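Right, one structure below, let's go through it.
What you see is a predicted model; the values in this text were computed from it and never measured. Residues: numbered from 1 along the sequence shown.
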Amino acid sequence: MKGNKLFNTIYIIVSAVSISFLFMDLSIGFYITKPLIVPVLLVFLFIKFKEIQHPLIPLLMVATFFSFLGDIFLMITLEEALFKLLGICTFIIAQASYGVLYFISIKHKNKKIISWKQRWPEALALIITLSATGFVYPSLGDFVVPGVIYAFVTAITIIFALNRRFYVSKKSYTVTLMGVFSFFMSDALMGDDLFFTRNFTLALVMIFYVIGHYFVINGMMMQIEKEAKKAPFKDAFSIKN
């Protein structure tokens with residue numbers, strides 16, 4: 001959250017407190033603080049949109065919101081199987097929203113001729129995603145179908161995120177990709193223990209989840225703020241580079 005130390009500090013503190021409760025096995029504290037983490041980011045994005053009004057911010061807010069909603073569904077233990085399914089479906093929407101965000105973020109850039117040899121990271125990402133899906137497949141149980149759909153959408157989203165390296169600043173690309181990788185690690189760990197039977201696994205899921213949100217928003221804001229300086233407000237998409 002570049003340029004906003006207040007939200008940066010609040011986000012880190014709330015996240016650290018929530019994860020600390022988890023490590024201390026204080027379930028009440030964890031379930032109270034966990035739903036407060038992502039809203040800090042949503043408030044930040046809302047304020048930023050009022051300042052900049054860049055068209056990518058609403059897309060980022062939608063993706064972040066559905067990620068938050070899916071997380072809330074996964075916390076509900078009443079009719080747990082049903083809410084796990086709702087959570088996965090909501091995460092599919094969030095992941096698809098991120099994919100659209102990454103795709104749209106370069107849509108108005110000058111297109112480049114890119115050889116297949118330069119696309120090896122995309123091929124590697126596809127192989128890793130398929131391998132991870134195969135690894136967690138036995139743990140998915142009744143959630144195989146939504147789990148496979150989620151993996152498919154995730155693979156496309158990662159490919160779109162990788163494609164940004166040809167069109168945006170190295171810093172924005174790298175920071176965003178760190179967030180994408182963190183989300184992937186969080187998803188893989190969650191898929192291996194969907195009902196969170198191991199506190200240590202849940203703690204790792206939370207750590208990667210928190211890092212993922214922070215880096216994706218920070219990385220995308222680097223591109224957004226740079227474009228807004230060149231062409232403020234609604235003209236931001238007209239920037240060619």
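- Here the closest non-hydrogen pair linking Ala155 and Thr129 is CB-CG2, 4.0 Å.
- With sequence neighbours excluded, the residues forming a side chain to side chain contact (heavy atoms under 4.5 Å, CB included) with Thr174 are Lys170, Met178, listed by chain and number.
- Geometrically, Lys84 does not engage Phe73 in a cation-pi contact defined by less than 6.0 Å to the ring centre and at most 45° from the axis.
- The local environment of CZ in Phe49 is crowded, with over 12 non-hydrogen atoms from other residues, nucleotides or ligands closer than 6.0 Å.
- We find the CG-CD1 distance between Leu86 and Ile72 to be 13.0 Å, quoted to the nearest 0.5 Å.
- Using modelled atom types, one side-chain atom of Gln118 and one backbone atom of Ser115 make a donor-acceptor pair closer than 3.5 Å.
- No donor-acceptor distance shorter than 3.5 angstrom exists from the side chain of Arg164 to the backbone of Ala161, with no hydrogens or angles considered.
- Considering every non-hydrogen atom in both Thr201 and Leu189, the closest pair reads CG2-O, 3.7 Å.
- Remark: Asp187 CG to Phe91 CZ distance equals 7.0 Å, nearest 0.5 Å.
- Under 3.5 Å, the side chains of His213 and Ser67 contain a donor-acceptor pair of N or O atoms.
- Between the side chain of Ser169 and the backbone N or O of Ser172, at least one donor-acceptor pair lies under 3.5 Å.
- Distance check: Ile10 CD1 to Ile37 CD1 gives 13.5 Å after rounding to the nearest 0.5 Å.
- With hydrogens and angles ignored, the 3.5 Å screen pairs no side-chain donor or acceptor of Lys171 with any backbone N or O of Met222.
- Judged by distance alone, with hydrogens and angles left aside, the side-chain atoms of Thr157 form a donor-acceptor pair with the main-chain N or O of Gln95 at under 3.5 Å.
- Partners of Val17 under the side chain to side chain contact (heavy atoms under 4.5 Å, CB included) rule, at least two apart in sequence or in another chain, are Ile13, Phe21, Thr33.
- In this structure Ile93 satisfies the side chain to side chain contact (heavy atoms under 4.5 Å, CB included) test together with Phe66, Ser97, sequence neighbours excluded.
- Using a distance-only test at 3.5 Å, with no hydrogens or angles considered, a donor-acceptor pair links the side chain of Ser186 to the main chain of Val205.
- In summary, the aromatic rings of Phe183 and Tyr98 are positioned with their centroids under 6.0 Å apart.
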